[in-house]
Amino acid sequence: MEQKTAFEIQELTSDEYVLSMGPQHPATHGVLRILLRMDGEVVVNLQPDPGYIHSSIEKICENRKYDQVMPYTDRMDYLSAVSYNLAYALAVEKLMGLEVPNRGRHIRVILAEMNRIMSHLLWFAAYGIDMGALTPIWYAFRERENLITLIEMQTGNRLTHHALRIGGVKNDLPTGFVEGLNKFLENFNDMVDEYEALFIDNVIFKARTKSIGVLKKENAISYGVTGPNLRASGCDIDLRKLAPYSGYENFSFEVCSEKNGDSWDRCKIRMNEMRQSASILRQAIDTLPEGEISAKAPKIIKPTPGGCYAKVEGPRGEVGAYVVSAGTDKPYRVKFRSPSFSNLSALNEMCAGVKIADLVAIMGSLDIVIPEIDR
Amino acid sequence: MTVRELLEKIKQKAEIEDSKEDLGVLNAYVKPSSLRSLLIYMRDSLGFDWMSFMTALDMPQENTIEAVYELFSNSSKDSARIKVKLSRQAAEVETVSDIYRTAEWHEREAAEMFGITFKNHPHPENLILTPDIKAPLRKDFSGGDMKRMPE
């Protein structure tokens, strides 16, 4: 089998060399290889090489019935399974013309926002380790564990929740869930303040991330970068506000954005987003409506022929599902648009001319998840 | 902008073979030769600054592969789905990766998954798959060790 090579040896000048970072490199957060064209310690050019854990989920989906596809959608982004569930469910529901009851939509929002906080906390922990700070992980995992316990009460699973069904959610909120979430939210903002002071506002951390890995606004849009990475570059685009879904129009929250587009701004936005998510969770608990949690979906789902693209704002950006129906009980084609895929494609734009130690700081600030790139 | 208005506007700029409205989104089939000029026009003049993704659909019964470009406008919140019909035997279309940079990776993925050639692509090599697997997302793909999953 021929090896993929991004740079031909002839292209290199006499000072340059090729360095292969990964696939088993801890700072790539999974199995990702990056080919670096180096001049001493400086990155001249780079080429990400994903695909080491490709699991052909899109092909599997074509051979499964509509409801059987749902558990596969958990597996792409294991840090926020609900956002992929939601994108797929919204696409199929739109094809079927199914209306989700209010309580079901509310529970979806609660689970999605809990996932966002869980994902951002894990990013906070992992980024600390990337940067040589071991303290954040102990704090972040303590908070994350509380949320995982709550979600486990609701869905039975800790990571790949499989919480949603076509038409609504599987389970109603169990006894003690709302109390537990209220207890968690009581101190959460103080915790975020503390973490921010401890790590993000630390002088050493600022020196390593400020004006490192700058992504310009027009590049971010052209590369399809989404989520906190886009908002750090001065765009206040958030699908929860821009194209509300699942009842997000009923909640009041701010879209966090920054100006400079450097690594530090991306960190700052995630910390602010956790506060906003906590605020959405408080509103969602206070206004939780009574009623059905799921619409009556037929046992065998056969949507009318056509295509539908549904998108949601995941923790990393625009999570989308393009579902094409041919009128049978299996989808004709499912395409998942994963935010990390597009975010990683812009890496070269941020990294030209940086030192190799900064490359780790930039990659960590992008918050990529490899299984959703490979799918 | 309604679907009809959008269709009228792009009809003046490109050869539209066929079009339909699918759940409120315009699906326009464009001649491969006018794809690039249409996308440039839509990006610069109609405000479609955003390409969500680019992918393909295999239609063996019509002997075509459809390349699908999903566009979105962050200012007017309009969506549009531009499709190009290609022959299954010689699937070839010009790259749009210089118009929307995000298409570079999406086209590489579509190329290896569906066996499409994107002309003038800056990095035509595989992105995700190894070179020994050819076009697995085509409907008639059969790999050596591929087994049907139980229902």
Side-chain angles (χ1 to χ4, degrees), chain A residues 1-6 47-54 56 58-60 62-65 68 91 94-95 97 218-226 235 237 239 242-243 304-311 318 320 322 324 326 332-333 335-338 341-346 349 373-375, chain B residues 20-25 27 43 49-59 61 66 68 70-75 77-79 81 83 97-106 108-110 112-114 123 125-133 136-139 141 143 146 148-151:
Chain A
M1 203 186 308
E2 64 183 278
Q3 194 67 39
K4 284 189 261 185
T5 48
Q47 179 100 45
D49 176 13
Y52 284 86
I53 38 176
H54 174 59
S56 73
E58 288 173 9
K59 185 79 177 175
I60 293 172
E62 291 176 14
N63 296 301
R64 305 270 86 184
K65 290 178 181 145
Q68 290 174 326
K94 201 163 180 202
L95 278 172
E218 56 271 20
N219 278 338
I221 288 181
S222 187
Y223 272 101
V225 173
T226 42
C235 282
I237 292 171
L239 291 174
L242 191 71
T304 45
C308 179
Y309 177 61
K311 52 191 172 182
E318 177 181 333
Y322 176 49
V324 179
Y332 189 79
R333 167 109 172 87
K335 156 84 184 169
F336 289 104
R337 190 252 187 230
S338 60
F341 185 87
S342 301
N343 292 353
L344 183 66
S345 72
E349 213 61 44
I373 296 173
D374 294 353
R375 282 159 288 138
Chain B
K20 64 174 179 192
E21 191 182 334
D22 202 352
L23 296 166
V25 177
N27 282 241
R43 182 193 65 179
D49 52 349
W50 192 261
M51 180 183 276
S52 289
F53 64 87
M54 182 270 145
T55 187
L57 294 173
D58 187 17
M59 302 284 185
Q61 61 280 41
E66 292 177 4
V68 184
E70 177 86 28
L71 305 181
F72 182 70
S73 162
N74 282 317
S75 44
K77 305 180 194 177
D78 288 323
S79 292
R81 203 167 291 142
K83 295 184 176 180
S97 57
D98 52 331
I99 306 170
Y100 295 96
R101 301 291 296 274
T102 184
E104 184 179 326
W105 275 31
H106 280 103
R108 279 172 76 181
E109 197 191 343
E112 60 191 341
M113 294 290 181
F114 289 91
H123 293 284
E125 67 269 15
N126 275 13
L127 180 69
I128 287 173
L129 299 177
T130 49
D132 54 335
I133 303 172
L137 278 180
R138 286 202 183 194
K139 292 287 175 185
F141 172 78
M146 196 172 106
R148 243 195 127 62
M149 284 194 299
E151 291 284 321

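Chain naming here is simple, since letters A, B, ... match the order of the sequence lines and numbering starts at 1 in each.
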Shortest non-hydrogen pair, B/Asp49 vs A/Ile221, comes out as O-CG2, 3.4 Å

Tell me every residue that passes ring pair (Phe, Tyr, Trp, His ring centres under 6.0 Å) with A/Tyr223, counting only those two or more places apart in sequence or in another chain. none

Does a salt bridge link A/Glu62 with B/Lys139, judged by any charged N lying under 4.0 Å from a carboxylate O? yes

Between the CG atom in B/Leu137 and the OG atom in A/Ser56, the distance rounded to the nearest 0.5 Å is 8.0 Å

Need one label for A/Ile237: side chain, backbone, both or neither, based on atoms under 4.5 Å from any heavy atom in chain B. side chain

Contact origin within B/Ala110 toward chain A - heavy atom pairs under 4.5 Å: neither

A/Glu318 versus B/Ser52, side-chain donor and acceptor atoms under 3.5 Å: yes

Within the 4.5 Å heavy-atom criterion, are B/Trp50 and A/Thr226 side-chain neighbours or not? yes

Do B/Phe72 and A/Leu242 touch side chain to side chain, with heavy atoms closer than 4.5 Å? yes

Any sub-3.5 Å donor-acceptor pair from B/Lys77's side-chain atoms to A/Ala243's backbone N or O? no

Going from CG on B/Leu127 to NE2 on A/His54, what distance comes out if it is rounded to the nearest 0.5 angstrom? 10.5 Å

Determine the option with the most heavy-atom pairs under 4.5 angstrom with chain A, choosing from B/Glu70, B/Glu104, B/Arg81, B/Met113. B/Arg81

Measure from the side-chain N and O atoms of A/Tyr332 to the backbone N and O of B/Asp58, and report whether any donor-acceptor pair falls under 3.5 Å. yes

Do A/Lys311 and B/Phe53 form a cation-pi contact, if we require the NZ or CZ to be under 6.0 Å from the six-membered ring centre and within 45 degrees of the ring's axis? no

Who wins among B/Ile99, B/Val25, B/Thr55 for the most heavy-atom pairs under 4.5 Å with chain A? B/Thr55

Of all of B/Met51, B/Lys20, B/Arg43, B/Met59, which one pairs up most often with chain A through heavy atoms under 4.5 Å apart? B/Met59

How far does CD1 of B/Ile128 sit from CD1 of A/Ile373, to the nearest 0.5 angstrom? 8.5 Å

Minimum heavy-atom distance B/Asp22-A/Gly307, with the two atoms named: OD2-N, 2.7 Å

Side chain A/Ser222, main chain B/Arg101, donor-acceptor under 3.5 Å: yes

Using ring pair (Phe, Tyr, Trp, His ring centres under 6.0 Å) as the criterion, list what pairs up with B/Tyr100, not counting sequence neighbours. none

Pick whichever of A/Ala346, A/Cys235, A/Pro48 has the most heavy-atom pairs under 4.5 Å with chain B. A/Pro48

Closest non-hydrogen atoms of B/Leu57 and A/Val324, given as atom of the first, atom of the second and distance, are CD2-CG2, 3.8 Å

Tell me which one of A/Tyr322, A/Phe336, A/Phe341 satisfies ring pair (Phe, Tyr, Trp, His ring centres under 6.0 Å) with B/His106. A/Phe341

B/Glu109 with A/Lys335: basic N within carboxylate O range, under 4.0 Å: yes

